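To keep things clear, I will list the structure first and then write my remarks on it.
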Amino acid sequence: MTLSPLNQRRWRNFKNNRRALWSLIIFSVLFGLSLFAEFIANDKPIMVSYRGELHMPVFQFYPETAFGGDFETEAVYRDVEVQCLIKSGGADACWDDPEGIIEGVEDGSFGVDLDDFQKGWMLWPLIPYAYDTTVDRTGAAPLPPNGDNLLGTDDTKRDVLARVIYGFRLSILFTLIVTSLASVVGITAGAIQGYFGGWVDLIFQRIIEIWGAVPSIYIIIIMFAILGRSFWLLVFLMVLFGWMALVGVVRAEFLRARNLEYVRAAKALGVSNTVIMFRHMLPNAMVATVTMLPFIVTGTISALAGLDFLGFGLPSSSPSLGELTLQAKQNLQAPWLAFTAFTTFAVMLSLLVFIFEGVRDAFDPRKTFS
């Protein structure tokens, strides 16, 4: 697909900001990897071969009976008995001496007729722990980093690196959803105010003043106490109080542009108000709008982390970077928790700010890099 000359100029402007370009590349790699977190950090194998058939536990539920076990509950693939059943093809002797059977299968001395049982295998992720997996290590939690847990464990013996991967993805997805929805509502409200002015503008301003004075944190706490904590409820509440951030700048740009020559000419030609507002006037207001987006994005991430830190954010079962920060505060004897939380937030927020810096340059008509 060929870009229009305007978009080509914008892309050149963005690429000339080397810091923004490299931040976009690094962030895209990190976010892209986090989207496949189940294939990177999981306590389930990516693929299992059992009696010649392939299974993918990361996508589908398999009871232990599917591998020759006795229980209808999901197979615990990290248990040595389940591993023995898979590798030996379902040998009954796995319940008596699973480690011996596994060694026998691997060195060829398996004492069962191999015509009836086929050797199986399991393909594990790089990190054999999910964000909620309890690590089987001796000692009091939180445990320091070692070869198995590169960033140590938290105070409930969950792998910190796995929680960071899942938490990074959750924070970015939450921020993208909230920012997109809040931007649509805020831009629309600001455009209507600035374009029509008069009583419409006056009434909208009074509504914004009243709504902006409502203490959002208390409303969120009250709603969570009544309805319980959930991802989509928090998204709704954040959008409900976050849409006003863009109203002011969009309103000002539309108030300035509504009496310009091209707007009057469009009205005289009978162009609809919607087309004038969003096809002709809005592009001219994008520089001021994009300039505000970094503050909205970083503010949303900080708000989510702050709510999680206070215990009023996402459900306790969610992988939360804010909850990791709380654990760092409560466990000063475990500096790896504080270091991990600080580094994750610093890298994430810095990359996002640098990217939007380049986006601002791309939409700035005064930038004419060749």
Side-chain angles (χ1 to χ4, degrees), residues 10-11 13-14 17-35 37 164-191 212 216-217 220 231-251 253 282 285-310 312-314 318-325 341-364:
R10 288 172 175 172
W11 175 239
N13 290 348
F14 182 86
N17 190 327
R18 307 300 295 178
R19 182 170 60 185
L21 180 62
W22 279 105
S23 296
L24 177 62
I25 294 172
I26 295 171
F27 178 81
S28 299
V29 171
L30 294 177
F31 184 54
L33 290 175
S34 72
L35 291 177
V164 167
I165 295 173
Y166 282 88
F168 179 84
R169 179 179 68 179
L170 183 63
S171 296
I172 297 301
L173 289 177
F174 177 86
T175 301
L176 291 177
I177 294 172
V178 171
T179 303
S180 300
L181 294 177
S183 298
V184 170
V185 177
I187 289 173
T188 303
S216 58
I217 183 67
I220 292 174
F231 178 86
W232 291 110
L233 177 58
L234 184 57
V235 167
F236 172 75
L237 293 173
M238 293 291 287
V239 172
L240 197 63
F241 292 100
W243 62 271
M244 293 175 288
L246 287 176
V247 172
V249 293
V250 176
R251 170 179 172 269
E253 290 295 320
L282 183 59
M286 284 303 296
V287 175
T289 304
V290 170
T291 301
M292 291 296 297
L293 283 180
F295 302 101
I296 299 175
V297 170
T298 55
T300 302
I301 293 175
S302 301
L304 176 62
L307 288 170
D308 288 334
F309 182 84
L310 296 173
F312 298 105
L314 296 173
S318 303
S320 167
L321 297 178
E323 190 258 349
L324 179 63
T325 307
F342 171 79
T343 303
T344 303
F345 278 115
V347 171
M348 179 168 53
L349 295 176
S350 298
L351 291 176
L352 288 171
V353 170
F354 293 153
I355 290 171
F356 278 104
E357 210 176 63
V359 174
R360 181 194 62 196
D361 290 345
F363 280 90
D364 191 345

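What you see is a predicted model, and the numbers here were worked out from it, not measured in a lab.
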Is the closest side-chain heavy-atom distance between [X] and [Y] below 4.5 Å?
X: L321; Y: D308; answer: no
X: V250; Y: T188; answer: no
X: F14; Y: L21; answer: yes
X: I172; Y: S34; answer: no
X: L324; Y: F345; answer: no
X: R360; Y: L293; answer: no

Treating W243 as the side-chain partner and L240 as the backbone partner, does any N or O pair qualify as donor plus acceptor under 3.5 Å?
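Looks like yes, one N/O pair under 3.5 Å.
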Looking at G322, is its backbone amide N or carbonyl O close enough to the side chain of S320 to form a donor-acceptor pair, meaning the two atoms are under 3.5 Å apart?
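It does hold such a pair.
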For [X] versus [Y], what's the shortest heavy-atom pair and its separation?
X: L170; Y: S318; value: CD2-CB, 4.1 Å
X: L234; Y: L314; value: CD2-CD2, 3.8 Å
X: F295; Y: T298; value: O-OG1, 3.3 Å
X: A341; Y: T325; value: CB-OG1, 3.7 Å
X: A37; Y: I165; value: CB-CG2, 3.7 Å
X: M292; Y: A245; value: CE-O, 4.0 Å

List the residues meeting salt bridge (Lys or Arg N to Asp or Glu O under 4.0 Å) with R10, not counting sequence neighbours, and say none if there are none.
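None.
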Taking atom [atom1] of [X] and atom [atom2] of [Y], what is their separation to the nearest 0.5 Å?
X: F236; Y: L181; atom1: CZ; atom2: CG; value: 11.0 Å
X: L246; Y: S183; atom1: CG; atom2: OG; value: 5.0 Å
X: L24; Y: F356; atom1: CG; atom2: CZ; value: 10.5 Å

Let me see the working for I217 and L307 under side chain to side chain contact (heavy atoms under 4.5 Å, CB included), right down to the final yes or no.
CA-CA 8 Å; I217 183 67; L307 288 170; 3.1 Å; yes
For side chain to side chain contact (heavy atoms under 4.5 Å, CB included), just list the numbers for L173 and F31, CA-CA rounded to whole Å, side-chain angles, deciding distance to a tenth of an Å, and then say yes or no.
CA-CA 9 Å; L173 289 177; F31 184 54; 3.7 Å; yes
Can you tell which of V297, V184, V239, I301 makes a side-chain contact (heavy atoms from CB on, under 4.5 Å) with T179?
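Exactly one option meets the side-chain contact (heavy atoms from CB on, under 4.5 Å) with T179, and it is V297.
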Check step by step if side chain to side chain contact (heavy atoms under 4.5 Å, CB included) holds for F231 and I177.
CA-CA 11 Å; F231 178 86; I177 294 172; 4.2 Å; yes
Output, in order, the C-alpha distance, side-chain angles, deciding distance and verdict of side chain to side chain contact (heavy atoms under 4.5 Å, CB included) for F168 and L33.
CA-CA 10 Å; F168 179 84; L33 290 175; over 6 Å; no
